[in-house]
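Step one of this worksheet: look at the structure below.
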Amino acid sequence: MTGLDPDNWDALRALGHQMVDDMMNRLSTLRERPVWQPMPAALRERLHTGLPHAPTPPEELYARFRELVEPYSTGNVHPGFMGWVHGGGTAVGMLSELLVGGLNANCGGRDHAPIEVEREVIRWAAEMCGFPAETTGLLVTGSSMANMIAVITASRAVPDGLKMRTEGVRSRKLVGYAAATAHGCISRAFDLTGLGTDSLRVIPVDEHNRMVLPALEQAIARDRAAGLEPFMVIGTAGTVDTGAIDDLNTLADIAARENIWFHVDGAFGALAMLSDTLRPQLRGLERADSVAFDFHKWAQVQYDAGCILVRRPGAQVDAFAQSRAYLAREDRGLATNGPWYCDLGPDLSRGFRALKVWMTLGTYGADGMGDMIANCCAIARHLAARVEANPRLELLAPVTLNIVCFRIIAPVEDLDHFNGEVVKDLHESGIAAPSTTIINGHKAVRAAIVNHRTTNADVDRMLDALLELADRRLVAA
């Protein structure tokens, strides 16, 4: 053995081929498998082996994976998975992860091809969002990190904002604005960046779950009168509960008039920009100062692959770049090719996330992705129509994109509890896996059609099973 390389490359190569074959077989037979199944306590316990001091053959570890891990994963690759907003991934994306592991590139910076792939992906993302060619950005773990980077960048972009890099936020009275339906990671970003959650003004929403814009304008005026510094307004393209889209174009007008940063959290909804039929709903996104979204949701890229775009050249560098002797940029050699990606965000060590985005979008094309996204929305409308046609069901929110929120109407004392229990029954059946949320005070069954494998037949099967399980509970009662 040389270092940690195997003594027998052929044996490891054979194991690798077996792994690829097994995963391809799994993906090609998903409909024959349960969406999800609970992991038995005895098997959980078998994973608790303690720190391995002695070596274990990879063949044995792979056998343990097949028995203990593979059957009990989240299930979001399955066409019956309709919970939360999880992408389904692709076989091409899976193979790209193999290539990434082989290169094991650190994409914090320096002069190597993986950096150029990421730059190309950022250019693709900018074009998709209608941003200019000089847009900066980077790939991160997900929209939680992307939104945090946006908050930090926006706070440093205020007059004399760069002083906060040394003096901290205590010297400023910055306040930002987001709708009540904004994702929780927005409030968390204000928390973790030291601005504090009290510095985020929560603006009410209308009956369509969109930010009430007069309330936003009134809040900004109140804060200015109180001597505070409004610095950022955050619109949402695809709220997590219902998929609603704020009036981004008018938000852009307000932000421009007030001279504050306009950010869009487009975690999954921004990808609708790829669809000719859906793009008009996002009018104004192209005017944002920054946009956060996830390739690992509607673009079906393997986890994890979030993205942050910043319109203003230099704003990210101003907010994040550091000068250290061990990170010196040279005029030639490997230590060239600035700016480095570690200058645009908090991470110095970064994986080669860009390859799976590059290969996935390259394989299917932006137009093909747009058609797939539009089809997800068509399936959601099919489900909504079935809900509205059935007197035992009630649609609880307008269907803007791909999320359908509804509930079962039944003669029970606690309808919220009943709906929640039926969804759990459905999970344990292995047939389908929607999630739940609260809409106007009611527990809702929430079906998000994100997986490219999902069809009308899959949502029909989900709904039929849900009603059958509800009947069983009513009979048992």
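Note that these values count all heavy atoms, side chains included, but never hydrogens, waters or copies made by symmetry.
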Next on the checklist: Is there a side-chain contact (heavy atoms from CB on, under 4.5 Å) between Arg283 and Leu248? Walk through the geometry before answering.
Outcome noted: CA-CA 6 Å; Arg283 191 166 67 94; Leu248 303 179; over 6 Å; no
Mark yes when over 12 heavy atoms from residues, nucleotides or ligands other than [X] sit less than 6.0 Å from its [atom1]; otherwise mark no.
X: Asn249; atom1: CG; result: yes
X: Glu127; atom1: CD; result: no
X: Arg332; atom1: CZ; result: no

Any side-chain heavy-atom pair from [X] and [Y] closer than 4.5 angstrom?
X: Val459; Y: Met82; answer: yes
X: Leu463; Y: Leu383; answer: yes
X: Ile149; Y: Thr153; answer: yes
X: Thr90; Y: Leu95; answer: no
X: Val175; Y: Phe231; answer: no
X: Tyr177; Y: Ile234; answer: no

Please answer whether the main-chain N or O of [Y] pairs with a side-chain N or O of [X] as donor and acceptor at a distance below 3.5 Å.
X: Asn147; Y: Ala292; answer: no
X: Asp343; Y: Trp340; answer: yes
X: His452; Y: Met369; answer: no
X: Asn375; Y: Asp371; answer: no
X: Arg44; Y: Met39; answer: yes
X: Thr360; Y: Lys356; answer: yes
X: His296; Y: Gln302; answer: no
X: Thr250; Y: Asp247; answer: no
X: Asp246; Y: Thr236; answer: yes
X: Tyr341; Y: Arg119; answer: yes

Next on the checklist: If you apply the rule side-chain contact (heavy atoms from CB on, under 4.5 Å), what do you find for Val450 with Phe268, and how did you get there?
Outcome noted: CA-CA 9 Å; Val450 185; Phe268 79 92; 5.7 Å; no
Checklist entry - Taking the inter-plane angle between the rings of His86 and Tyr303 on a 0 to 90° scale, is it parallel (under 30°), tilted (30 to 60°) or perpendicular (over 60°)? => result perpendicular
Checklist entry - Between Trp261 and Ser290, is a side-chain hydrogen bond (donor to acceptor under 3.5 Å, both in side chains) present by the stated rule, with each step listed? => result CA-CA 8 Å; Trp261 189 282; Ser290 55; 2.8 Å; yes
Checklist entry - When Asp160 is tested against each of Met164, Lys163, Arg156 for side chain to side chain contact (heavy atoms under 4.5 Å, CB included), which residue passes? => result Lys163
Next on the checklist: side-chain contact (heavy atoms from CB on, under 4.5 Å), that's the test. Do Glu258 and Arg224 meet it? Break it down for me.
Outcome noted: CA-CA 10 Å; Glu258 297 289 344; Arg224 288 201 190 280; 3.1 Å; yes
Item to check | Stepwise side-chain contact (heavy atoms from CB on, under 4.5 Å) check, His263 with Val233 | outcome: CA-CA 6 Å; His263 173 67; Val233 59; over 6 Å; no
Next on the checklist: Using the salt bridge (charged side-chain N to carboxylate O under 4.0 Å, His left out) criterion, which residues pair with Arg26? Sequence neighbours excluded.
Outcome noted: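 For Arg26, the residues satisfying salt bridge (charged side-chain N to carboxylate O under 4.0 Å, His left out) (neighbours in sequence not counted) are Glu70.
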Checklist entry - Does Arg446 have any salt bridge (charged side-chain N to carboxylate O under 4.0 Å, His left out) partners at least two apart in sequence or in another chain, and if so, which? => result none
